[in-house]
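Below is the structure I would like to discuss, written out as structure tokens.
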Number of protein chains: 2
Amino acid sequence: MATSTTTRSEEAQKDLDQPRRESRFGSILDAAELVFAESGYDGASMREIASKADVAQALIHYHFKNKAQLFEAMVARRSSSINDDRAELLDRLFEKSSHPDLEDIVEALFRPTIEAGRTSTNNAGPYARILASVANSAGARDQELAKKYYDPIALKYIDALQRVQPGLSRADAVWAYMFAIGVGMTMMAQTGRPKRLSDGACDDGDAEEMLGRIVPFICGGIRALA
Amino acid sequence: MATSTTTRSEEAQKDLDQPRRESRFGSILDAAELVFAESGYDGASMREIASKADVAQALIHYHFKNKAQLFEAMVARRSSSINDDRAELLDRLFEKSSHPDLEDIVEALFRPTIEAGRTSTNNAGPYARILASVANSAGARDQELAKKYYDPIALKYIDALQRVQPGLSRADAVWAYMFAIGVGMTMMAQTGRPKRLSDGACDDGDAEEMLGRIVPFICGGIRALA
DNA sequence: GTCTATAGTTCGATAGAC
DNA sequence: GTCTATCGAACTATAGAC
């Protein structure tokens, strides 16, 4: 059987290739994520990304045109998956109760991000580092990305904060959200500083340990504003 | 008078020059601060710094050897002044009372930074932006600077937190400090995002407005940990 | 201490074959 | 879709005159 045309044989073969590689598109995004996380946007080079993805540099330009659009594509891939999860978590909390716990809302704010793109261990993945850098930058490119990919979900969370904490004015709900994100970025950045300052007792590589301390801190802070 | 030697005349002239410029050392640091704040370490170029300082590029290398040491010199200048002020504020609080208000300690944490190197208005200066970037970066250079110039004063604040909030374990005091800094970096970064998310109601360019909301938030968070 | 001029490297991006 | 080869620009840093 299957002695007909090579064309048909090639089509059948397609679906049998193990790593389902129709192109190197995804591998380039993976490599970009690693290199941008390590060196930042300006510190990263297309050469290093190409090398880590094991492709020619020209292939990156073929798929993504230039460095800026590669960076945006990498942010878009992760953020759309993460923010879908965040929105769904939020909706479920309000389906189960008309007045969910503040603690659950704050945890829903961070958990999808620390679980995105991580391999096996308990720490946040490389994308979390990129996010921390983008969030704390006033540069035009970073703030345009924040606006495009994160402002819509931010407004949903601000609404949620006001609903479970009716004493919050709109302005204070925005401040509360910004401060919560600020605390969260301390976790995403994974600088190792807590370990240094505590002689090893505090590990910001352990996302679960951090969540256990961040959530009560933020909730206490928000309740102090209301 | 003063018809003797040119040498003597030149010496007398020195002290009369209005802007007291013995060298362009300080102007280079000022320009570096502006450019690094705008573009980050890797995004900044020695050419642009030289241009903004109105000196030849080679002069920067003469005074600071290379880009990394210029960056460190800029951090060293501001941080030493800021952290002297912070330590003194902290000491005064404990001189006036054996049990100062947590609110005063948290305010002392940030006020010297937002007042450093600013020109006239109510916002934090360019150095605050650089600090936000360094604090949230896991890169080796940034963490070495954090360790060298900021870890010692951080330990003093962690001690202070434990003294005024005796329920805090050492580990939780370290977490509390890290989270407080995380919230503070939201203010230092001056991204403009609060304005975007609030239709103009929240302005992170107004440092006094932010301090008024940040201090109660952080204090509420710390009290929730103890 | 400050300059001009430039060496030497690295980078983003493109041309063109397969 | 992927490659090799390379162009042209930008960068850090240095040499050497003043």
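Just so it is clear, the structure is predicted and the values come from calculations on it, not from any experiment. Letters A, B, ... are given to chains in the order of the sequence lines, protein chains preceding strands, and every chain is numbered from 1.
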D:dG1 phosphate, OP1 or OP2, under 4.0 Å from A:S23 side-chain N/O: no

Atom pair distance, as rounded to whole Å: CD in B:Q57 and P in C:dT6: 15 Å

No-H, no-angle donor-acceptor pair, A:R24 side chain to D:dG1 base, under 3.5 Å: no

A:D42 CG to D:dC11 P, straight-line distance once rounded to whole Å: 11 Å

Nucleotide of D:dT4, D:dT2, D:dT6 approaching A:Y62 most closely (side-chain heavy atoms): D:dT2

Separation of atom CE in B:M46 from atom C1' in C:dT9, rounded to whole Å: 16 Å

Spacing of A:I60 atom CD1 relative to C:dT14 atom P, expressed in whole Å: 14 Å

From D:dA13, C:dA13, C:dT2, nucleotide with atom closest to A:H61 side chain: C:dA13

Proximal nucleotide (of D:dC3, D:dA15, C:dG12) relative to the B:A58 side chain: D:dA15

Pairwise 5' ranking along DNA chain D for A:F25 and B:A44, keeping only the more 5' one: A:F25

B:Y157 side-chain N/O to B:A108 backbone N/O, donor-acceptor pair under 3.5 Å: yes

Ring-face cation of B:R141 near B:Y41 (centre distance under 6.0 Å, axis angle within 45°): yes

Closest to side chain of B:N66, choosing from D:dA13, C:dA13, D:dT2: D:dA13

Closest listed nucleotide, where the reference is the side chain of B:L59 and the choices are C:dT2, D:dC11, C:dG12: C:dT2

Length of the NZ-P vector between B:K67 and D:dT14, whole Å: 15 Å

Rounded interatomic separation in angstrom, taking CG from A:D54 and P from D:dT2: 12 Å

Over all atoms of both residues, closest heavy-atom pair of A:I222 and A:A176: CG1-CB, 3.9 Å

Proximal nucleotide (of D:dT6, C:dT2, D:dG1) relative to the A:H63 side chain: D:dG1

Pair B:F25 and B:F64, ring centroids less than 6.0 Å apart: yes

Electrostatic pair A:R129:A:E33 at N-O distance under 4.0 angstrom: no

Interatomic distance, A:R47 CZ vs C:dA13 C1' [rounded to whole Å]: 10 Å

Spacing between A:F64 atom CZ and C:dG12 atom P, to the nearest angstrom: 15 Å

